[in-house]
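For reference, the structure is listed below as structure tokens.
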2 protein chains.
Amino acid sequence: MTGKELTDAQKQEVQRQLQIIKRGAAEIIPEDALKQKITQSIVTGKPLKVKLGLDPSAPDIHIGHTVVLQKLRQFQELGHEVQLIIGDFTGRIGDPTGKSETRKQLTEEDVQHNAQTYQTQLSKILDFSKTTFYYNSSWLGELKFDDVLKLAGKVTVARMLERDDFAKRYAANQSIHVHEFFYPLMQGYDSVSLETDIELGGTDQTFNILMGRTLQSAYEMKDGQVAILMPLLEGLDGTQKMSKSLKNYIGIDEVPNEIFGKTMSIPDSLMLKYYALTTAISGESLQELREGLEAGSIHPRDAKMKLAKEYVRMYHGAEAAQEAEQHFITVFQKRALPDDIEDIQISGELLEAGPISIIKLLVSMGLQASNGEARRSIEQGAVKINETKIMNIHESFHPQDGDIIQIGKRKFVKIKRV
Amino acid sequence: MTGKELTDAQKQEVQRQLQIIKRGAAEIIPEDALKQKITQSIVTGKPLKVKLGLDPSAPDIHIGHTVVLQKLRQFQELGHEVQLIIGDFTGRIGDPTGKSETRKQLTEEDVQHNAQTYQTQLSKILDFSKTTFYYNSSWLGELKFDDVLKLAGKVTVARMLERDDFAKRYAANQSIHVHEFFYPLMQGYDSVSLETDIELGGTDQTFNILMGRTLQSAYEMKDGQVAILMPLLEGLDGTQKMSKSLKNYIGIDEVPNEIFGKTMSIPDSLMLKYYALTTAISGESLQELREGLEAGSIHPRDAKMKLAKEYVRMYHGAEAAQEAEQHFITVFQKRALPDDIEDIQISGELLEAGPISIIKLLVSMGLQASNGEARRSIEQGAVKINETKIMNIHESFHPQDGDIIQIGKRKFVKIKRV
């Protein structure tokens with residue numbers, strides 16, 4: 001199929017889809033194959049099959065997970081179909097070495113229960129009329145030894161040892177058991193079995209997703225799947241990948257006030273990334289928001305409240321969103337503050353200089369005696385700005401007239417422009 | 001079970017068996033486990049299960065293979081039972097990468113045919129009342145993916161890459177495909193499945209056989225199998241391992257005259273090794289033979305003719321052995337020689353000095369002009385001593401009165417003591 005055969009309308013549609021799909025993606029491998037697949041889909045009217053693998057042991061979806069889910073949703077809005085794979089085969093096996101505590105063997109009931117939870121949670125993001133759930137045990141569980149050998153024969157040991165974590169462990173003389181090589185092979189075989197066109201994942205999934213591409217070619221499917229790799233979202237601490245184990249997450253199943261409050265603690269510096277990757281905001285609106293924040297015409301706190309309200313709306317509905325916002329304003333912004341907050345006068349120059357290190361700010365305002373003291377206060381969770389706890393000693397803040405800084409339970413000051 | 005409970009007769013029997021089993025073995029791992037197993041077998045009256053794996057693609061047994069077969073036979077004479085595994089599962093799979101020409105996929109018929117050939121050939125060495133044939137497809141073919149993962153989870157990648165050939169290929173950046181890791185795992189799993197006590201193989205099988213020991217422990221059999229590793233037998237060239245592909249072998253299915261003639265071309269230096277490892281000669285007779293050869297009371301040619309006759313007897317019967325010997329004497333030792341062979345006089349000193357390099361001998365006798373010429377004549381197969389072609393330029397020979405040296409088709413000389 002060549003460009004020649006396309007009508008102008010079709011060409012435009014290819015461009016439109018490409019633009020939407022590429023937005024926010026960290027990497028697309030290979031990009032020209034993506035264009036080909038979209039073109040083919042438009043010409044033939046056949047939707048693309050877009051796959052995401054789900055860990056059967058961890059069904060609590062948080063905002064970090066929604067980065068890929070939002071991208072899937074975009075595919076659905078473009079008319080494509082989503083394949084959700086519940087990796088129950090792996091989960092049912094557990095860890096054959098018996099050494100890992102984290103990979104416990106799941107029972108049939110665990111898997112069923114987790115799948116149910118996934119369905120409930122994902123229905124809030126995906127269009128279920130264009131979503132099919134699969135259990136990979138239904139094909140992997142049927143493979144016999146000779147099938148497995150055929151699968152293993154498609155890849156070399158050296159290629160496997162290129163995977164980041166394997167390479168590191170091998171170099172450090174830490175055990176890698178032979179069965180571990182099969183986790184990427186299984187994930188790749190899922191794509192063979194389902195004839196997947198496109199697989200989505202975080203950038204930490206690059207190796208595994210490209211394995212699907214390799215295996216599809218090895219099993220003589222004409223062209224291997226395309227990998228769309230989404231950025232990893234930092235959690236509330238602003239530095240580490242959002243995850244349940246690090247407790248720096250916002251769960252989409254948490255109660256509205258919790259979602260709202262946690263969102264308010266996102267570092268300002270990450271807010272636009274959260275908007276871009278985890279909401280359905282349009283390209284234009286995102287651009288407006290960016291410009292408004294830069295120009296100072298939109299206050300970061302207001303933008304963050306809007307984000308918090310949007311999350312609650314997405315996962316609990318409009319009414320809950322309204323209530324959560326009201327609750328936050330009442331409890332934190334009004335009631336929690338004493339009536340008589342001391343003003344600290346700050347020069348207009350400083351206010352206009354842009355964001356500065358919070359540690360520096362606290363010391364320069366005379367609120368803390370030294371950088372060390374300021375750092376310890378932040379580490380102990382004792383510093384709040386505008387009712388939001390500061391989680392990270394490296395955080396910066398752009399002080400504005402009226403901002404309220406709190407240290408410990410009782411010390412409050414309000415910034416006043418001189 | 002401790003030594004205390006054994007009667008004196010039992011203790012003696014343990015020692016007797018140990019001595020026979022250890023004779024000729026290159027390595028036994030671990031040796032004390034062998035003693036324990038023998039003791040247990042004697043006390044309980046339960047024979048040991050002694051395993052040998054057979055390559056389903058190469059049923060033409062040669063004298064090199066008989067090294068382990070003779071050891072199996074000894075086990076049978078001690079009352080133990082032999083498990084012969086036809087590795088049809090591996091053979092039926094072929095090479096999953098499709099790259100290796102040497103590992104062609106065998107059909108069901110190939111495997112059946114080869115198994116039949118094995119039975120015919122092995123019946124000449126083993127006691128079939130104490131031998132059971134197994135096809136490993138009957139258990140390996142039944143394994144499903146989760147069983148395979150369990151198997152693969154028992155071993156680390158680093159351990160696998162310790163295997164000699166893997167280590168070399170990995171270091172040289174040559175491809176190792178992941179399925180290749182399964183060949184030792186399959187061989188080891190055979191021992192799990194059959195609860196093997198002892199596995200035999202050449203020293204080149206050390207890794208694979210110890211894998212069986214590892215896997216038996218991993219599958220919680222009380223004590224893993226014992227590895228008995230036999231030396232590799234050099235072929236007719238005297239240096240490389242006997243093998244079909246190198247054409248330096250004596251096949252047990254070859255016609256009597258061929259077996260006899262090929263045996264006569266074994267280098268003198270290897271004759272005792274052939275006797276020890278591939279015949280049923282007793283320890284005492286072997287010692288007598290060694291002493292006779294050293295003292296010069298037994299001529300190497302006579303000892304070799306006895307070996308040749310023994311091979312024909314073992315594989316074609318006593319009558320054929322008699323005939324082959326007669327044929328050799330008639331055709332080669334008598335008729336083939338001209339009536340009037342020139343004598344070359346050699347000092348008694350030289351004759352008593354022991355073996356010397358054949359190249360040196362030819363030059364010092366004036367039969368060849370230089371070491372280079374002598375080497376080339378040997379390489380071209382033009383040099384015979386007592387009707388036996390010299391295969392190796394490094395060979396030594398102990399000249400004796402009456403020995404006949406032939407160069408090319410027409411030049412004959414007879415050694416005459418001065």
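Here is how names work: the chains are called A, B, and so on, in the same order as the sequence lines, proteins then strands, and each is numbered from 1. Because only heavy atoms are used, hydrogens play no part in the values below, and waters and symmetry mates are left out as well, while side chains stay in. On a predicted model such as this, the values are computed, not experimentally measured, just so you know.
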Tell me, do A:Phe166 and B:Val157 make a side-chain contact under 4.5 Å, heavy atoms counted? no

Heavy atoms under 4.5 Å from chain A: which residues of residues 131-149 of chain B carry them? B:Leu140, B:Gly141, B:Glu142, B:Leu143, B:Lys144, B:Phe145, B:Asp146, B:Val148, B:Leu149

Check the surroundings of atom NZ in B:Lys241: do more than 12 heavy atoms from other residues, nucleotides or ligands lie under 6.0 Å from it? no

Determine, stepwise, if the pair B:Val155 / A:His177 fulfils side-chain contact (heavy atoms from CB on, under 4.5 Å). CA-CA 6 Å; B:Val155 194; A:His177 285 81; 5.9 Å; no

Please check if the number of heavy atoms outside B:Lys130 that lie under 6.0 Å from its NZ is greater than 12. yes

CD1 of B:Ile176 to CZ of A:Arg159: how many Å apart, nearest 0.5 Å? 15.5 Å

